[in-house]
Amino acid sequence: MGGMLLAQGGFNPPTTEEFSPTCLIGSGSACFNRPMLLLLIAAFIVATLFWLGFRNPQRVPGKLQNLMEVLVDFIRKDIVFETIGPEQGARWVPYLTTLFSFVLVGNLFEIAPFVNYPVNFRSAFTWMLAILSLLIFVTVGIRSQGPWGYFKSVAFPPGVPKGALPLLAIIEIVSTFIIRPLTLSVRLFGNMVAGHFLLIIFWLGTVYLLQPSILALFSAASFATSLALVAFEVIVATLQAYIFTILTAVYIAGAIEPAH
């Protein structure tokens with residue numbers, strides 16, 4: 001099959017070079033490109049949805065207000081209260097709701113018509129979100145326990161034999177301050193990259209196989225797979241937003257109260 005495709009002109013699969021964004025404004029290090037524009041659009045969409053949903057709240061909510069209330073209630077009950085607790089967690093509902101919404105909207109750009117580019121396809125964006133989570137839970141830990149108290153709770157967990165403390169301290173410090181933001185960033189970035197490439201390959205395959213030949217019989221299968229992948233990517237986009245948000249909440253909870 002591969003030989004037949006090549007003989008007829010060849011199917012050129014997408015490469016990473018094709019996803020290098022071109023500058024819309026400026027050049028070099030001062031370049032404002034398409035991913036940055038999509039980042040601003042995602043932030044604008046999230047802000048607009050919350051403003052329209054809650055600018056004039058009604059006792060009997062309309063469709064948008066009801067949708068936004070369901071979202072806030074989900075974050076508050078199923079993420080914040082379950083991980084941080086109602087007393088300490090109430091103050092974190094606005095941030096974590098915004099975080100979930102922003103990551104979700106940015107992910108869903110992958111399947112948006114005429115966009116087809118997830119914001120979190122760029123590792124720089126996922127790294128900034130992960131570093132922001134790191135700065136937040138470290139700041140919370142220092143404010144809740146004091147600088148030494150927080151460092152001690154991270155590096156020297158209770159119940160560990162003294163002989164194992166030096167090695168365990170290194171492992172815990174690396175795990176908390178390096179591995180946590182690394183896994184937050186790479187998990188979100190990796191899932192968006194993988195899904196993006198799969199969708200592109202099958203959509204391009206659908207168009208390519210429509211050429212007048214026996215291969216056109218396979219175009220329907222490629223199209224059906226593309227639709228299934230779109231549905232699957234909606235689930236992945238939502239799940240990744242949920243995982244990023246709940247892990248941030250877990251890290252904040254651990255910083256507020258150390259393990260006993």
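- With contacts defined as side-chain heavy-atom distances shorter than 4.5 Å, the pair Arg76/Asp73 qualifies.
- The heavy-atom pair separating Ile84 from Ile252 by the smallest distance is CD1-CG2, 4.0 Å.
- Scanning all heavy atoms of the two residues, the minimum distance from Leu188 to Gln240 falls at CD1-CB, 3.8 Å.
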Apply side-chain contact (heavy atoms from CB on, under 4.5 Å) to residues Leu39 and Phe102 and explain how you reach the verdict.
CA-CA 9 Å; Leu39 181 74; Phe102 177 73; 3.2 Å; yes
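- Side chains of Glu172 and Phe177 form no contact here, defined as non-hydrogen atoms less than 4.5 Å apart.
- Rounded to the nearest 0.5 angstrom, Ile41 CD1 and Met36 CE are separated by 12.5 Å.
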After noting the C-alpha distance and the side-chain angles of Tyr251 and Leu184, does the key distance pass the side-chain contact (heavy atoms from CB on, under 4.5 Å) rule?
CA-CA 11 Å; Tyr251 297 154; Leu184 279 175; 4.0 Å; yes
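- Ser185 contributes no side-chain N or O that, together with a main-chain N or O of Leu182, makes up a donor-acceptor pair within less than 3.5 Å.
- Between Ile79 and Thr83 the shortest heavy-atom distance is O-OG1, 2.5 Å.
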Test side-chain contact (heavy atoms from CB on, under 4.5 Å) on Phe232 and Val236; report intermediate values, then the result.
CA-CA 6 Å; Phe232 179 72; Val236 171; 3.5 Å; yes
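- Without hydrogens or angle criteria, Thr126 side chain to Ser123 main chain gives a donor-acceptor distance under 3.5 Å.
- Transitive grouping of hydrophobic side chains (ILVMFWY, heavy atoms separated by less than 4.5 Å) brings Phe151 and Leu165 into a common cluster.
- Considering only heavy atoms from C-beta on, Tyr150 comes within 4.5 Å of Val138 through its side chain.
- Of all non-hydrogen atoms in Pro61 and Glu69, the two that sit nearest each other are CG-OE1, 4.0 Å.
- Both Ile142 and Trp148 belong to a single network of hydrophobic side chains, linked directly or stepwise wherever heavy atoms of I, L, V, M, F, W or Y lie under 4.5 Å apart.
- When side chains are defined from C-beta on, Leu67 does not count as touching Leu71, because their heavy atoms never get closer than 4.5 Å.
- Once rounded to the nearest 0.5 Å, the distance linking CD1 of Ile75 with OG1 of Thr98 reads 9.5 Å.
- Note on Phe156: it clusters hydrophobically with Leu168, by side-chain heavy-atom contacts below 4.5 Å among ILVMFWY residues.
- Ile179 and Leu134 are assigned to two separate hydrophobic clusters, defined by single-linkage of ILVMFWY side chains at heavy-atom distances under 4.5 Å.
- Phe74 and Tyr242 have tilted rings, their planes meeting at an angle from 30° to 60° on a 0 to 90° scale.
- To the nearest 0.5 Å, atoms OG1 (Thr183) and CD1 (Ile243) are separated by 11.0 Å.
- With rounding to the nearest 0.5 Å, the separation of CG in Asn56 from CD in Gln65 is 8.0 Å.
- Partner of Leu38 under the side chain to side chain contact (heavy atoms under 4.5 Å, CB included) criterion, out of Phe121, Phe109, Phe125: Phe109 alone.
- Side-chain atoms of Val72 and Phe50, non-hydrogen and from C-beta on, do get closer than 4.5 Å to each other.
- Leu40 and Leu104 fall within the same hydrophobic cluster, defined by Ile, Leu, Val, Met, Phe, Trp and Tyr side-chain heavy atoms under 4.5 Å apart, directly or through other members.
- With Leu132 as the fixed residue, the side chain to side chain contact (heavy atoms under 4.5 Å, CB included) test singles out one of Tyr95, Phe137, Trp127: Tyr95.
- Taking 4.5 Å as the limit, some side-chain heavy atom of Val103 sits within range of a side-chain heavy atom of Asn120.
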Evaluate the side-chain contact (heavy atoms from CB on, under 4.5 Å) criterion for residues Val105 and Phe44: first the C-alpha distance (whole Å), next the side-chain angles of each, then the deciding distance (0.1 Å), finally the verdict.
CA-CA 10 Å; Val105 171; Phe44 176 78; over 6 Å; no
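- The two residues Ser144 and Ala255 have their closest heavy-atom pair at CB-O, 4.0 Å.
- Interatomic distance, Glu87 CD to Ile256 CD1, rounded to the nearest 0.5 Å: 11.0 Å.
- Between the side chains of Gln145 and Ser153, at least one donor N or O sits under 3.5 Å from an acceptor N or O.
- Residues Ser101 and Leu49 form no side-chain contact, since every pair of their non-hydrogen atoms from C-beta on lies 4.5 Å or further apart.
- Under the 4.5 Å side-chain criterion, counting only non-hydrogen atoms from C-beta, Glu82 is not in contact with Lys77.
- Contact detail for Pro181 and Ala130: the closest heavy-atom pair is O-CB, 3.3 Å.
- Put simply, CD on Gln58 and CG on Asn66 are 13.0 Å apart, with the number rounded to the nearest 0.5 Å.
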